[in-house]
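Computed from a prediction, not measured in an experiment: that's the story for all the values here.
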Amino acid sequence: MTLPEEQGAGTPAARRLLRRLLGDRSAEFTAEVAPGGSGRDWYEVDAGPGGVALRGSSGVAVASALRWYLRTACGTQITWDDPEPRLPDRLPRTGTTARTTSPHPHRYHFNVCTFGYTTAFWDWARWERHIDWMALHGVTTPLAMTGLEAAWQRALLSVGLDDGTARSFLGGPAYLPWNWLASLDGWSGPLPQSWIDRHADLGRRILARERALGMRPVLQGFSGHVPQELIAERGARSTTLPWWDFEVGMLDPRDPLFEEFGTTLLTEQTRLFGTDHLYAADPFIETTPPVSDPADLAQVARAVHGVMTAVDDRATWVLQAWPFSYRSRYWTPERTGAFLDAIPDDGMLILDLWAEHRPVWQRTDGYRKKPWVWCMLHSLGGRPGLYGKLDEIATGAARAQADARGGSLSGIGASMEAFGGDPVLYELLADVAWQGSVDDVRAWLETWTRARYGRATPGLLRAWDLLHDSVYASEGPGPPGSVIVGRPTLEGDLRHELPVHLADPPSPDVPPALAEAWALLADEATQEDSAGPLGRDLCDVTAQVLTHVACERQWRAADAALARDADGFQRAARALLDTIEDLDTLLATRPEHRLDGWLADARGWATTPAEADLYETDARRLLTLWGHTRSKLHDYSGRHWAGLVGTFYLPRWRSWYEHIARALETGSPYRAEEFEASLLAQEERWVADRNGPTTPEAGTAGATLDVVRTLMPRYRILREQWERRG
């Protein structure tokens, strides 16, 4: 299938990318795509008197050449939080560079969940910007899920379901990724027809642009998940699998409906969106298979792959290895081996989804020699906090490939559930994708600092050394848990409930390295820096400091409340509320950290007031309650966003304060059940609320540097601590 926007791929597409990124300065560059057959991707740069010539094996390679030249020759870069490079008046003439060839055929990007937690409400302008970013960062193999609900609707109608049942099965727009993962269905719907039609158009446009630049997008496969109504109507053999607060119907692969519906779905998908022969399917992503015999698991694998090959004889199944770790007690070597061995080696590509923290390739014998991709998961649900493993990202894939068990490695990628934070990790990963490894991270950080800020002063370099040794050298699964995001409780020790997402335990102690980096960034920043990347980093470091402070104050308030110390509780609890207010004020200075943008994007897709309310409900619920009122997934996708902190988290903690203060004043016990009921009702009211702004108007929010300088004296003890260390 050829779509209109695919015409002019290759060199013309690369030239258009330069115009989008560089504006009038693009006239000083030339772009040439020179495909090299079946060889590895490559690029080269020739910067001479006549301009800068960028050549590569694809549009992606040419864009990567531009990224290399901007950073190494011009001392600037394009990141998702700083999309405009600072070009010198005269471009440096660096001559002809040696050809750079990537060791990785696949450079993967996205996670199914990203299409809920981050991109759910993106329009074409936002997608266009990110596709250009992907090309700059060498992405060849992006997951592409936008608009696929149209194929599902057509397939469901073609097998006899009515339209209302089909759209109810699909559910609400923010929750579509978990339908594709066979984790839930029918939640927060029905899906409006206008959404389906407009997102089918958007999906085609995304795919056309990705293909024009030389990417091979991964579309969906079929894993057996269908509506219960269809199962009942056909009398099909099936099972019901639970996932957290939900249940889904899964067809038995031996039932004829499995192949019938699966081939119908993929045929409709190909008709609407074309194919690049890569299909993502995860029959048991976080559920336990209903069979125990390895032979039965092999049958499931053959059925899933068989649907793909029935429609596309060049099909490759892209499988997430997450279940082998998440349900490791079930996935014994015998079961894992049977499942993998059922598929030809050239028919499967495996994503080691969390390779920087919990790699699976070692315990599966290198996926039994099947091609696999080393992935950096980094962010689960968009949880707040600076976090990463820079040294592991720099060399982890290379060490895996050198291991006898990991020799079938064929790619590297980012599989974040949400993104928008810690851009340093993704810049480093992009270099590893082309170079294989980065052996000297400290030297790399010097280049990063200069490109990010336009200068690399001793203070800035010292700050990044400290961040490298602290938040970006974590051994845990995530950043320290945020007390602010946690749901208050009057049970047990009165400390907050931890969300189910994986994170380090909350910590009341500000790491000395973080405190020192905070002061250094504040000292180095100017008013001109405030709205740029240095202001962004200063905001993020400050927020991390306040997270630790909030934990200390909440724990101190809880201890005082348990001791029935009213004065001590008042002091600590009011200090906690002040810290949460300070955080909201800080976050409002940054467009990346504002709830109002997320809600406006959601409502922007509506064609009626009812649709606008549905989309905003989805957008609010996903970040807070996630599912129903008592969902175990509550706060999984909690964020440090202005508006969310001020109108959702802060009122929760005020309620906690008021209930305890009243009990201390009256001498009554803490009524945990009464408090929980009132809190749940408060949360539901917030999800349904449509009144008033959630965030200060952008024009009234202070500059980041001004707010930080106002806050620092309130937390001056932290600065005094690191100064004493010096």
Side-chain angles (χ1 to χ4, degrees), residues 4-33 43-56 58-94 97 122-139 142 202 205-206 208-215 420 423 426-427 430 447-448 450-455 528-536 590-592 597 601 698:
E5 290 187 44
E6 289 184 71
Q7 299 172 5
T11 296
R15 290 172 179 166
R16 289 193 292 269
L17 177 143
L18 294 183
R19 286 197 294 272
R20 288 192 298 273
L21 295 175
L22 304 175
D24 293 342
R25 298 295 300 271
S26 65
E28 301 172 54
F29 293 79
T30 61
E32 180 186 354
V33 173
Y43 70 75
E44 58 191 23
V45 177
D46 183 2
V52 180
L54 308 172
R55 291 186 288 270
S58 66
V60 167
V62 168
S64 297
L66 172 64
R67 175 178 174 271
W68 181 89
Y69 178 77
L70 290 178
R71 194 182 59 187
T72 59
C74 302
T76 188
Q77 61 189 2
I78 295 173
T79 60
W80 60 49
D81 63 344
D82 188 26
E84 297 184 6
R86 303 174 302 275
L87 290 176
D89 293 339
R90 182 177 180 182
L91 295 178
R93 300 175 180 178
T94 57
T97 64
W122 280 8
D123 60 10
W124 167 245
R126 185 64 187 85
W127 267 110
E128 181 175 53
R129 188 175 127 204
H130 193 70
I131 295 168
D132 287 347
W133 180 93
M134 287 195 294
L136 284 166
H137 292 75
V139 173
L202 177 61
R205 198 170 186 182
I206 291 167
R209 177 62 57 78
E210 290 174 345
R211 289 165 175 157
L213 291 168
M215 301 178 193
Y426 298 83
E427 296 302 316
T447 302
W448 151 264
R450 181 173 291 105
R452 184 149 177 83
Y453 306 135
R455 60 189 188 277
E528 289 183 354
D529 293 318
S530 191
L534 181 49
R536 161 70 187 270
R590 304 301 311 177
E592 309 94 344
D601 288 348

Practice item. Say whether, by atom type as modelled, one donor and one acceptor occur between the side chain of R67 and the main chain of A135 under 3.5 angstrom. Key: no
Study note, to complete from the structure: For V62 and E32 the tightest heavy-atom approach is CG2-O, 3.5 Å
**Study point:** Closest non-hydrogen atom pair between H137 and Y426, with its separation
**Key:** CD2-O, 4.0 Å
Practice item. Quick one: pull up CZ in R25 and CG in L18 and give me the separation to the nearest 0.5 Å. Key: 13.0 Å
Review point. Mind checking what makes side chain to side chain donor-acceptor pair (under 3.5 Å) contact with R126, not counting sequence neighbours?
Key: none
Study note, to complete from the structure: dist R20:CZ -> S26:OG (nearest 0.5 Å) comes out at 11.0 Å
Study note, to complete from the structure: Rounded to the nearest 0.5 angstrom, the CG-CG distance for D123 and L202 is 8.0 Å
Practice item. Specify whether W127 and W122 have parallel, tilted or perpendicular ring planes, treating 30° as the upper limit for parallel and 60° as the lower limit for perpendicular. Key: perpendicular
Practice item. For the residue pair R209 and M134, establish whether any side-chain heavy-atom pair is separated by less than 4.5 Å. Key: no
**Study point:** Where W80 and H130 come nearest, the two heavy atoms and their spacing
**Key:** CE3-CE1, 4.5 Å
Check your understanding: Who passes side chain to side chain contact (heavy atoms under 4.5 Å, CB included) against V45, sequence neighbours left out?
Key -> V52, L54, A65, W68, Y69, T97
Point to revise | Non-neighbouring partners of R590 that pass side chain to side chain donor-acceptor pair (under 3.5 Å), sequence neighbours left out | key: E592
Review point. Say you draw a straight line from CD of E528 to CG of L534; how long is it, rounded to the nearest 0.5 Å?
Key: 11.5 Å
Point to revise | Heavy-atom pair with the smallest gap, counting every atom of A13 and A212 | key: CB-O, 3.5 Å
Revision key, fill the gap. Residues passing the side chain to side chain contact (heavy atoms under 4.5 Å, CB included) test with R93, sequence neighbours excluded, are P49, R90
Check your understanding: Under a 4.5 Å cut-off applied to non-hydrogen side-chain atoms, are T79 and R536 in contact?
Key -> no
Exercise for review: Quick one: list whatever passes side chain to side chain contact (heavy atoms under 4.5 Å, CB included) with T76, sequence neighbours left out.
Suggested key: L70, C74, P85, R86
Check your understanding: Would a 4.5 Å heavy-atom cut-off, applied to side chains only, mark V139 and E210 as touching?
Key -> no
Review point. What distance do L22 atom CG and I78 atom CD1 have between them, rounded to the nearest 0.5 Å?
Key: 6.0 Å
Practice item. Mind checking the CD-CG spacing from E128 to L17? Nearest 0.5 Å is all I need. Key: 9.0 Å
Review point. If you take all heavy atoms of A14 and A31, which pair is closest and at what distance?
Key: CB-CB, 4.0 Å
**Study point:** Residue pair A47 / P92: nearest heavy atoms and the distance that separates them
**Key:** CB-O, 3.7 Å
**Study point:** For A451, all residues meeting side chain to side chain contact (heavy atoms under 4.5 Å, CB included), sequence neighbours excluded
**Key:** R71, Q77
Practice item. Please step through side chain to side chain contact (heavy atoms under 4.5 Å, CB included) for the pair L21 and L136, ending with a clear verdict. Key: CA-CA 10 Å; L21 295 175; L136 284 166; 3.8 Å; yes
Check your understanding: With side chains defined as the heavy atoms from C-beta onward, is the minimum distance between I206 and I131 less than 4.5 Å?
Key -> yes
Point to revise | Steps toward salt bridge (Lys or Arg N to Asp or Glu O under 4.0 Å) verdict (R452, D81) | key: CA-CA 10 Å; R452 184 149 177 83; D81 63 344; 2.7 Å; yes
